[in-house]
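Contents: one structure, followed by commentary.
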Amino acid sequence: MQPQPPSRISREAHWQERWRSAKLGEARRVPGRRKFFLIFAYPGTSGFMHIGHMRGYSLADALVRYHRMRGEVVFFPGGAHASGLPAVTFAARVARRDPDTMESLRSMHLDDTAIRDLEVPENAARFLGEAYWVTWERFGMVMDRTAYVTTIDPDYQQFIRWQFARLSRLGYLKQKSYFAPYCPRSGPVSVDPSETDISQGGSAEVVTYTLVPFTLPDGRRLLAATLRPETVFGATNLWVAPGETLVEWKHHGHVDLLSPPALAKALDQWGGTAGEEIPASAFLADQVTIPWVPHPLPILESRLVNPDRGTGIVMSVPAHAPVDWVALEGLSPTSRGTIEPLVRAVLEVEGIPQGSSEQELLKGSGWPAQRAARNLGITTLEQSSQLAEATERLYRAELARGRMTVGPFVGRPVGEARELVREILRQADEAAEIREFSEPVICRCGERVVIRRIPDQWFLAYGDPQWKSRVREHARTMQFLPPEYREELETILDWFEDRPAVRQGRWLGTPFPLDPRWIIEPIADSTLYPAYYVVRRFVAQGRLKPEQLTPSFFDHVFLGEGPGEPTVPPELQSEVRQEFLYWYPLDVNLGGKEHKRVHFPPFLYNHAALLPPDLNPRCIVINWWTTSYTGEKISKKDVKGGAVPPVDDALARWGADGIRLYHAIAGSLFQDVEWDPSTCSSASERVDEVARILRGLWGRGGDAVAGMAPGERHVDRWFSTRISEVIERATSHLESADFRSAAQAIYVDLVAILRRYEARGGAHAALLGRLAHAWTRMLVPFTPHVAEELGEGHFPSLVSSESWPQPGEFLRDPGALREEETLIALEEDIAALLRTWKSPPAEARLFVASPWKRWVEEIRSRAPEGDRRRGDIGGFMREARQDPRLTPYLDRVARYLSQVPAPTSPSRAGPQDPDTETALLHDALPYFVHRFGIPRWTVLREEDGGPYDPLGRRTRAAPGRPAIYLVPGEDPASPEAGGSSRPRARSSP
RNA sequence: GCAGGGGUAGCCUAGCUUGGUCAAAGGCGCCAGAUUCAGGGUCUGGUCUCGUAGGAGUUCGUGGGUUCAAAUCCCUCCCCCUGCACCA
């Protein structure tokens, strides 16, 4: 095999260049024409792309290409989301010459100076954005380069300033306190798995403890920290660590006691001052009280208490906390004797399913915690992992199925009671909670990161009921793919709350217009941006300067408010306005499933808040991921580890077309697909195969455009009908973003149909030519390069700008379809028979059913579906007796009805009369000879075939389903001629 | 826990909204045949079990139910994946 002279990559690059020079991607407003405006959620600038990313992108391109061919005017812009930490992280990797990053950069032929540039986050972001664009183009995407923007471009930031000023004016920004990670030395930090700011603890979570105050006789309070404040009603005592020191925390008019590490947290989060340090043992003789518990509580020591966790003071609820129960059992008999009578359960769990793990956990008698500990075999505090498990499982069961049995919230579910208790505590004292990390978090500078309260944090008021209901109202008018997202969005909105809009620290983004010390948070600056793509084109053309994009400019352009910006010529300003009104509303926003909760809701909120309802988006399409075999989203690791090839290798091996088709065909868009190189290979081969077939079709005088003349063979009419159906199906699947089915129709079904047509001896040149013409065009959405290659010379210009085929371009004949179906069914029957034959038969005889059987089927087809299938023989016989035509056959009718089931649907009934059926079979005989290797075929009428049918098979004949008699090879027992009636039969050659 | 999705033949995946044409599409793998010196590629057929007559039996996570009829509708349980927030 010689390598193809120009490589796949260079052939594809050729067409990419042609599309560029033809400005195919450039949005051009055509008043009066329908438009299609699609964006995908632009990627964050975190690193290089791999083929997994291309799934959503290339399918977006397929959708856009389809709409372009439908004659719609298309706007398909793209950009890069440079805000936030990713570019900072990338730049940091460059700065420390991270080997993987360096390898990628070197493979792009960057010299040292260029690499040094990338140590600046802004440069890194722009560089990566450009790299994304190049990748998109290499995958055959045709987008509007003149609208390309990154979120750190000055003009984009002008737009964001306007957006936030406007939100503020509308009252959708508000200030309240917020708890954020903070390094005492370096300032605000971000705790996330990429560990950009921190050196340890990226996966730490924030744990919120409720502080339950227990009052000492002198009025000071011991603050117990708990995750389950609703169990306070069952508290029996407090625990402190042996030898622990407590320290006074003076705040809000209280003097409270907690451990020194807890004091630090308390001061960070709530302020106040530190007081005296006192050994915890000093309180062991005291008792504390709390209104919710009807008796005073003693203070005891236990090793279970860790002074670093919570407040270093624990409220003991032996009935519901396995740890407390075990600690109680380990007490001295005296202490135990005072505590045990105080133990009580405060909730009960109901409706435990049979055989569940909950039932297993709680079987037996005693307090719930006692049972959990016993069932897991726990006797001492040393069994810490079992204790943790018991605790987790019990807590989960009680939260899920528990109801309060004690206290003011009797009958309430545990979760509700918990919130109510918290709320009461908050009412009494603002500082009713304390937050800490689930594991230590260490800043890059080495300092331990704490949680600090920011009293004046700006929020986007997504919890605002009116705003939320506007979003809901609009969402009802939208289309969602998959449709389930509509319902999911409802529940997401239920808990969607105010969200921090800005933050401080070293990240990229737009300074907050109301207070430039803050930077707008990355999710917040990427919500209304499709609107900005429209304006960006004017900036890119040099017709608008960033500094002209003032709030009054945007007020005018987006909202038609006010005279606009004085430094912009009024004609230009109104042109921008018209352009905006032409493209808006957005038709499709396509994004990965990770955006369901993060991007799409704010996207809808901001549109709802800032634009009139008729300019709100119309459709959201969500694509799932390509995962690696581990089930994870493909990551750099997979590329590095060889599980997924780098983009260059992939393009060389499979071609952009092959990979695009793979993405379409490997699985539904709405499901994760495991990356599988062999499936990708087969997709790529499928592209080659279709190309080979189409070259052949074009070569056979494919440009002939003659219509179908009447009187063609029925296979021709069948073929034409099937092509028409494929076009129809592909079209409707593309409309509903069912790319898999569309691709299957175009690349699989059509091939199979053509194969059958050719096997059946079909060779209608004009029809094949028209197929070539239509099929080539249908290749554009998924495999645009090969479409162009095949269409070159056959279309006036680019195939990409041709129109999408119409089903009406191909004559349809349902009768021909039905007839061919009967042949296919017959083939299946014969194949089933042959499976049991050891040596091939010498001859096959086919018996076409007698006319009266067609009349019987008429009766059956009138019956309701259920009766027809079940075979209401008595009823059918009654009707048959009414039909004079059937009178001579009544005895055989009964046998037929019981022996031969009705066709499963009327459309399967086959040709309407025996002559047509006979002709049909004759037409297929050459094909059958070839297909089955049986040399001799005979078609007979049921009523004529007696002597030819020693086994009496012919009574099984039904309309559209000839009876079959196979003549054994060795024994030519067939009576050659000589029957009483001369059969109207003919042998095949 | 809450929310969403899912469990289909050796594997990956369609079908499930609108029950019957479903022993269940397509792909991969495997088997046989054709082409070929051979391999690869391509093409054809096969690939749950039994069966020399188009048939029968048993299948679509588990167990029930509805129905003349269930992969498809209802209920139960088991298991898996994802998200739960400032992280793009």
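Within every chain, numbering begins at 1; the chains are lettered A, B, ... in the order of the sequence lines, protein sequences first and strands thereafter.
Regarding A/Glu497, its CD atom lies at a distance of 15 Å from the P atom of B/rC84, rounded to whole Å. Whole-Å rounding puts the A/Lys593 NZ to B/rG83 C1' distance at 9 Å. If you measure from atom CZ of A/Phe600 to atom C1' of B/rC84, you get 18 Å, rounded to the nearest angstrom. Computed from coordinates, the A/Arg692 CZ to B/rU42 P distance equals 7 Å when rounded to whole Å. In this structure, A/Leu754 places its CG atom 17 Å from P of B/rU42, rounding to the nearest Å. With rounding to whole Å, A/Phe603 atom CZ is found 20 Å from B/rA85 atom C1'. Atom NZ in A/Lys596 sits roughly 8 Å away from atom P in B/rG5 (whole-Å rounding). The distance from atom CG of A/Leu493 to atom C1' of B/rC84 is 15 Å, rounded to the nearest whole Å.
Across all strands shown, A/His599 has no heavy atoms under 4.0 Å from either base or sugar-phosphate atoms. Base engagement by A/Tyr178 is indicated by at least one non-hydrogen atom pair under 4.0 Å involving a base atom. Residue-level contact check: A/Ala41 touches neither bases nor backbone, having no heavy atom under 4.0 Å from any strand. Residue A/Trp495 is in base contact, counting any heavy-atom pair closer than 4.0 Å across all strands shown. Counting non-hydrogen atoms under 4.0 angstrom, A/Pro962 reaches a base of the nucleic acid.
Separation of the A/Trp458 and A/Phe512 ring centroids falls under the 6.0 Å cut-off.
If you check B/rA53, B/rA3, B/rG55 against the side chain of A/Leu966, the one that comes closest is B/rA53. Distance from the side chain of A/Pro500 is smallest to B/rC86 among B/rA85, B/rC86, B/rG4.
On the C1' atoms, B/rU18 is 12 Å away from B/rC73, given to the nearest whole Å. Going from the P atom of B/rU8 to that of B/rU62 covers 10 Å, rounded to whole Å. Comparing the P positions of B/rU66 and B/rC74 gives a spacing of 15 Å, expressed to the nearest Å. Between B/rC50 and B/rU36, the distance separating the two C1' atoms is 38 Å to the nearest Å. Rounded to whole Å, the separation between the C1' atoms of B/rG55 and B/rC60 comes to 23 Å. Look at the P atom in both B/rA56 and B/rA32: the space between them is 31 Å, to the nearest Å. B/rA85 and B/rG61 have their C1' atoms separated by 33 Å, given to the nearest Å. Annotation: B/rA71 and B/rG20 have their C1' atoms spaced 13 Å apart (nearest Å).
A/Tyr927 and A/Arg756 share a donor-acceptor pair across their side chains, judged by distance under 3.5 Å alone.
Taking for each of A/Phe670 and A/Phe459 the nucleotide of RNA chain B with the nearest heavy atom, the 5'-most of the two is the partner of A/Phe670. RNA chain B is contacted by both A/Ala82 and A/Phe496; A/Phe496 maps to the nucleotide lying nearer its 5′ end (nearest heavy atom per residue).
A/Pro602 has its side chain out of reach of A/Leu460: every pair of non-hydrogen atoms, C-beta onward, lies at least 4.5 Å apart. In this structure the side chain of A/Ile454 never reaches within 4.5 angstrom of the side chain of A/Tyr182, judged on heavy atoms.
For A/Arg597 and B/rC84, a side-chain-to-base donor-acceptor distance below 3.5 Å is absent, hydrogens and geometry of angles not being considered.
Heavy atoms only, all atoms of each residue included: A/Phe928 and A/Leu823 are closest at CZ-CD2, 4.1 Å. A/Ile492 approaches A/Pro601 most closely through the heavy-atom pair CG2-CG, 4.1 Å. Heavy atoms only, all atoms of each residue included: A/Pro121 and A/Ala87 are closest at O-CB, 3.8 Å. When all heavy atoms are compared, the tightest approach of A/Val848 to A/Ala957 is C-CB, 4.4 Å.
Side-chain N/O atoms of A/Arg503 include none lying less than 4.0 angstrom from OP1 or OP2 on B/rC86. Taking 4.0 angstrom as the limit, A/Arg755 places a side-chain polar atom (N or O) nearer than this to OP1 or OP2 of B/rU44.
A salt bridge is absent between A/Lys593 and A/Glu488: the closest approach of a Lys/Arg side-chain nitrogen to an acidic carboxylate oxygen does not fall below 4.0 angstrom. In this structure, A/Glu820 does not pair ionically with A/Arg722, as no charged nitrogen and carboxylate oxygen lie closer than 4.0 Å. The pair A/Arg228-A/Glu398 counts as a salt bridge, with a side-chain nitrogen and a carboxylate oxygen less than 4.0 angstrom apart.
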Revision key, fill the gap. Secondary structure of RNA chain B per the Watson-Crick/G-U criterion (both distances under 3.5 Å; [ ] crossing, | other strand, . unpaired) is ((((((((.[[[..)....(.....]]](((((((.....)))))))(((....)))...[.[[[..)....]]].])))))))....
Check your understanding: Taking protein heavy atoms under 4.0 Å as touching, what does nucleotides 23-30 of chain B look like 5' to 3' if B marks base contact, S marks sugar-phosphate-only contact and - marks none?
Key -> --BSSS--
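Both tests hold for A/Lys176 against A/Phe459: distance to the six-membered ring centre under 6.0 Å, angle to the ring axis within 45°.
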